[in-house]
Amino acid sequence: MDHTTRISPPARTGQVSLVGAGPGDAELLTVRAARRIAEADAIVYDHLVGDGILELARADAQRIYVGKEAGNHALPQEEINRLLVKLAGQGLSVVRLKGGDPFIFGRGGEEMQELVEAGIACEVVPGVTAASGMAACTGIPLTHRDHAQTLVFTTGHLKDGTVNLDWEALARPHQTVVIYMGLGALEIICSELIAHGLPADTPAAVVHAASTPRQRMVTSPIRSLPATVRAAGLRTPSLIVIGPVVDLHHVLCPATVEALALTA
């Protein structure tokens with residue numbers, strides 16, 4: 001009788017890549033991001049992932065939509081965290097694909113914490129964040145030696161749903177402020193900034209769906225920005241940009257558009 005003990009090979013250990021999909025244009029993906037998407041067994045993605053990016057995935061890869069839109073979350077964040085742990089626990093190579101960069105208002109830090117605590121191997125693949133993608137497509141430089149020596153990224157609402165931001169810091173001169181996820185609180189944002197010392201004629205813009213064919217943009221002094229946005233009917237996803245650099249759009253945007261036309 002054969003009493004040889006047969007040892008089963010260890011189960012394959014899964015891993016998760018937190019991948020930044022960039023601002024929307026598939027051509028702005030990094031090479032590593034494209035490779036991770038093509039290799040993945042499962043892709044967990046949100047609604048800000050641009051058209052064409054999922055086409056890079058294998059035909060047999062699982063595609064799981066967990067999109068988070070204002071007031072309409074397909075899955076709460078806590079369930080997304082658990083889903084990533086579960087998929088990796090099944091031995092899968094998982095890509096958590098999100099618009100922009102995972103660590104810039106992408107909740108990548110929260111997801112990575114959960115994965116690390118569960119003992120799951122994970123990595124971050126950075127992406128072009130929405131602000132820099134917007135700057136390239138609109139001719140609004142985020143910094144400029146003559147106009148903005150400081151650049152501030154902030155969210156337009158806190159975790160508790162309030163808009164209790166650091167208004168004094170945001171209203172300082174000689175800086176550019178880019179506000180993510182702030183369109184729903186635009187009137188509060190503009191009025192608070194003016195109340196805390198920002199001149200009411202400070203140039204400002206709202207850019208919808210930057211870098212995509214749906215891109216739309218309005219500019220106005222901050223005092224009239226809410227009314228301008230309402231008249232234009234802009235919706236999320238949109239970025240708010242505040243500061244003197246917005247005025248450079250009129251000079252730099254035509255050159256940007258011409259260059260894109262030449263390379264298309």
Side-chain angles (χ1 to χ4, degrees), residues 20-29 46-53 67-70 98-101 104-106 127-144 147-148 150-157 163 165 170 175-190 193 198 201-261 264:
D25 184 346
E27 292 191 347
L28 295 178
L29 277 175
D46 66 28
H47 79 290
L48 293 178
V49 173
D51 295 339
I53 292 177
K68 296 189 292 293
E69 303 175 57
K98 53 187 71 201
D101 180 272
I104 301 181
F105 302 117
V128 175
T129 189
S132 56
M134 173 277 302
C137 295
T138 60
I140 298 177
L142 297 178
T143 63
H144 191 289
H147 304 290
T150 303
L151 171 61
V152 179
F153 292 168
T154 186
T155 177
H157 63 270
V163 196
L165 307 180
L170 297 178
Q175 69 179 8
T176 304
V177 176
V178 180
I179 303 175
Y180 288 65
M181 300 169 289
L183 197 61
L186 183 60
E187 292 200 31
I188 295 172
I189 290 168
C190 293
L193 289 174
L198 191 69
D201 60 354
T202 299
V206 170
V207 186
H208 168 72
S211 87
T212 75
R214 304 183 307 280
Q215 177 176 307
R216 294 181 62 206
M217 172 179 174
V218 298
T219 62
S220 88
I222 192 171
R223 64 172 173 266
S224 55
L225 188 63
T228 303
V229 169
R230 280 197 304 272
L234 293 192
R235 297 288 184 265
T236 59
S238 293
L239 288 175
I240 304 165
V241 193
I242 300 167
V245 293
V246 172
D247 274 348
L248 295 175
H249 156 76
H250 304 291
V251 177
L252 302 182
C253 189
T256 299
V257 172
E258 182 178 350
L260 288 172

T129: partners by side chain to side chain donor-acceptor pair (under 3.5 Å), with sequence neighbours left out: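 Checked T129 against side chain to side chain donor-acceptor pair (under 3.5 Å); matches are Y180.
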
Any donor-acceptor N/O pair, D46 side chain to G67 backbone, under 3.5 Å: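 Absent.
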
If you round to the nearest 0.5 Å, how far is [atom2] of [Y] from [atom1] of [X]?
X    : Y    : atom1 : atom2 : answer
H208 : Q215 : NE2   : CD    : 9.5 Å
L183 : L234 : CG    : CG    : 7.0 Å
I189 : I179 : CD1   : CD1   : 4.5 Å

Heavy atoms only: give me the nearest [X]-[Y] pair and the separation to one decimal.
X    : Y    : value
A131 : V178 : CB-CG1, 3.9 Å
P226 : L186 : CA-CD2, 3.8 Å
D25  : S211 : N-OG, 3.2 Å

Answer whether the closest heavy-atom distance between the side chains of [X] and [Y] falls below 4.5 Å.
X    : Y    : answer
D51  : R214 : yes
M134 : L142 : yes
T143 : T176 : no

I240/L225 under side-chain contact (heavy atoms from CB on, under 4.5 Å): CA gap, chis, key distance, verdict: CA-CA 10 Å; I240 304 165; L225 188 63; 4.2 Å; yes

Show me the side-chain donor-acceptor pairs of residues 241-250 shorter than 3.5 Å, one per line, residues at least two apart or across chains.
from	atom 1	to	atom 2	distance (Å)
H249	ND1	T138	O	2.7

Trace of the side-chain contact (heavy atoms from CB on, under 4.5 Å) decision for L48 with K98: CA-CA 7 Å; L48 293 178; K98 53 187 71 201; over 6 Å; no

